[in-house]
Number of protein chains: 2
Amino acid sequence: MDILELESFLPYRLYRLADAVSHEFSKIYKHRHGLTRPEWRTLAGLGQRGTMTATALGEQSAMHKTKVSRAVAELERRRWLTRTPDENDRRIEHLTLTKAGLAAYREMVPLAKAFERELLARLGAEEQAAIVSGVAALEAKLTLG
Amino acid sequence: MDILELESFLPYRLYRLADAVSHEFSKIYKHRHGLTRPEWRTLAGLGQRGTMTATALGEQSAMHKTKVSRAVAELERRRWLTRTPDENDRRIEHLTLTKAGLAAYREMVPLAKAFERELLARLGAEEQAAIVSGVAALEAKLTLG
DNA sequence: TTTCAATGGTTACAAATGAAACCAATTTGG
DNA sequence: CCAAATTGGTTTCATTTGTAACCATTGAAA
């Protein structure tokens with residue numbers, strides 16, 4: 001009979017791996033500031049780009065618009081970001097980190113980079129190249145977002 | 001100022017990629033039988049191994065025990081599996097697919113394999129090797145589960 | 001034994017999520 | 001112009017999920 005070996009099945013392996021890595025990383029922003037993943041991504045997006053609309057945030061960080069909406073509301077509640085209405089289109093609001101938001105972002109960036117560095121450091125040079133280029137190759141073939 | 005480029009950040013890329021692949025694949029079992037992911041994994045686990053306890057299922061397929069419990073309950077409701085109490089330890093139940101469950105499994109296996117094949121077929125030979133060995137390398141370095 | 005800790009599994013509750021409905025503002029096509 | 005469709009964003013509701021409490025059974029220790 002034809003069976004499927006789950007442990008070798010790429011979609012499963014990929015998911016499991018991503019889940020483990022993501023969960024490990026989440027400890028950092030969860031522990032440090034009690035952020036959820038959508039909140040962390042919002043912080044990261046705004047920190048990186050400076051100012052964005054909620055829609056742009058959703059596209060950049062692959063989040064459903066309700067997630068963005070809720071994350072933005074929470075970061076606003078914390079006074080980590082402010083909303084500025086668009087001059088020409090009153091539906092749009094431009095989101096920007098406050099001093100406090102930026103401070104949190106500046107604190108998170110080195111931790112994130114260290115995490116990635118240490119993750120890759122566990123691998124040999126060829127293995128590092130393999131995972132990075134393999135992910136890039138698949139990304140390129142899929143319609144992400 | 002030091003910024004983090006989210007689009008290049010490996011944990012994020014990995015998660016996004018796995019999510020996209022998994023979501024694409026989920027269409028198959030969702031559309032075909034209206035299964036959730038935990039239910040599909042339960043089916044896959046039992047189809048592959050024949051008989052397992054709920055705990056073993058959770059370990060094999062990286063699922064929280066409440067997920068397993070619920071998935072098993074649903075598959076039982078569908079009469080796709082049966083529970084057999086252990087002779088010596090009355091806490092344990094051995095789970096086995098019924099004819100109907102096995103039929104569904106047999107139908108899913110070729111679809112799953114085709115999905116994986118076609119996913120990899122989009123890549124060149126080296127890219128395929130890269131993603132597979134890259135994932136394997138990271139798996140080996142992480143405590144999965 | 002009798003008690004206490006551990007194990008297999010389920011359930012209750014709260015939080016996170018997604019789909020769809022929704023509101024407001026804007027654009028488009030007659 | 002003006003109705004209809006679109007867009008940015010929020011809210012409601014049902015579903016999914018995880019944490020923790022729980023029940024029953026077994027194992028270990030005293």
Side-chain angles (χ1 to χ4, degrees), chain A residues 15-16 18-20 22-24 26-27 29-31 33-43 45-46 49 51-77 81-96 145, chain B residues 15-16 18-20 22-24 26-27 29-31 34-42 45-46 49 51-77 81-96 145:
Chain A
Y15 192 90
R16 190 158 121 103
D19 212 46
S22 172
H23 186 259
E24 194 61 32
S26 79
K27 286 182 191 164
Y29 53 75
K30 214 163 270 174
H31 181 264
H33 291 293
L35 293 174
T36 63
R37 183 163 50 215
E39 286 155 19
W40 149 247
R41 284 194 187 170
T42 299
L43 182 68
L46 292 180
R49 299 265 182 99
T51 288
M52 274 197 282
T53 66
T55 303
L57 251 172
E59 281 163 12
Q60 197 224 357
S61 55
M63 293 192 292
H64 192 268
K65 62 182 187 168
T66 61
K67 271 190 190 167
V68 175
S69 175
R70 286 155 181 155
V72 166
E74 168 60 21
L75 294 192
E76 184 186 33
R77 200 192 58 67
L81 64 77
T82 55
R83 311 178 193 238
T84 313
D86 185 272
E87 301 266 300
N88 306 320
D89 188 338
R90 284 185 297 170
R91 291 170 303 183
I92 299 177
E93 4 184 66
H94 300 280
L95 307 167
T96 317
Chain B
Y15 191 90
R16 191 158 121 102
D19 211 48
S22 172
H23 186 260
E24 195 62 33
S26 78
K27 287 181 189 164
Y29 53 74
K30 216 162 267 171
H31 180 265
L35 294 173
T36 63
R37 184 164 50 217
E39 286 155 20
W40 148 248
R41 284 193 188 171
T42 299
L46 293 180
R49 300 262 182 103
T51 288
M52 275 197 281
T53 66
T55 303
L57 250 173
E59 280 162 13
Q60 195 224 359
S61 55
M63 292 193 293
H64 192 268
K65 62 182 186 167
T66 61
K67 271 190 190 169
V68 175
S69 176
R70 286 155 183 158
V72 166
E74 167 60 20
L75 294 191
E76 185 186 33
R77 201 195 57 69
L81 64 77
T82 55
R83 310 178 193 237
T84 313
D86 185 273
E87 302 266 299
N88 306 321
D89 188 337
R90 284 185 296 170
R91 289 170 303 182
I92 299 177
E93 4 185 66
H94 299 280
L95 307 167
T96 319

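A, B, ... follow the sequence lines: proteins, then strands. Residue 1 opens every chain.
- Here the side chain of A:S69 pairs no donor or acceptor atom with the backbone of A:T66 at under 3.5 angstrom.
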message: Using side-chain contact (heavy atoms from CB on, under 4.5 Å), reason through A:L35 and A:L75 one step at a time and then give a plain yes or no.
response: CA-CA 9 Å; A:L35 293 174; A:L75 294 192; 4.1 Å; yes
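- Here the OG1 atom belonging to B:T96 is positioned 8.0 Å from the CG atom belonging to B:L81, to the nearest 0.5 angstrom.
- Following rounding to the nearest Å, A:H64 (NE2) and D:dT16 (C1') show an atom-to-atom distance of 15 Å.
- C:dG8 atom C1' lies 15 Å from atom CE of B:M63, rounded to whole Å.
- When heavy atoms are screened at a 4.0 angstrom cut-off, A:R83 is found touching the sugar-phosphate backbone but no base atom.
- OP1 or OP2 of C:dG9 sits under 4.0 Å from a side-chain N or O of B:T55.
- For A:A54, the listed nucleotide lying nearest its side chain is D:dG9; candidates were D:dG9, D:dT11, D:dT10.
- The distance between atom CD of B:E39 and atom C1' of D:dT17, rounded to the nearest whole Å, is 14 Å.
- Summary of the strand contacts: A:T36 and B:H23 both lie near DNA chain C, and taking for each the nucleotide with the nearest heavy atom, the more 5' one is attributed to A:T36.
- As a whole-Å value, the separation of A:R70 CZ from C:dG18 P is 9 Å.
- Counting only residues at least two apart or on different chains, the salt bridge (Lys or Arg N to Asp or Glu O under 4.0 Å) pairs with a member in residues 64-74 of chain B are B:E74-B:R77, B:E74-B:R78.
- The interatomic distance linking A:E74 (CD) with D:dT10 (C1') rounds to 16 Å, in whole Å.
- One distance of note links OG1 of B:T53 with CD of B:E93; it measures 9.5 Å at 0.5 Å rounding.
- Contacts between residues 88-95 of chain A and DNA chain D, defined by a heavy-atom separation below 4.0 Å, involve A:R91, A:I92, A:E93, listed by number.
- The backbone N or O of A:S61 sits less than 3.5 Å from a side-chain atom of A:R41, completing a donor-acceptor pair.
- In terms of position along DNA chain C, the nucleotide closest to B:A56 lies nearer the 5' end than the nucleotide closest to the other residue of the pair B:A56 and A:K65.
- Distances from the side chain of B:K67 to the nucleotides D:dT17, D:dT12, D:dA20 place D:dT17 closest.
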- request: For A:L57 and A:R49, run side-chain contact (heavy atoms from CB on, under 4.5 Å): C-alpha distance rounded to whole Å, both residues' side-chain angles, the deciding distance at 0.1 Å, then the answer.
  value: CA-CA 10 Å; A:L57 251 172; A:R49 299 265 182 99; over 6 Å; no
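- The distance between atom NZ of B:K30 and atom P of C:dG18, rounded to the nearest whole Å, is 11 Å.
- One can place CG of B:D86 at 17 Å from P of C:dT7, the figure rounded to the nearest angstrom.
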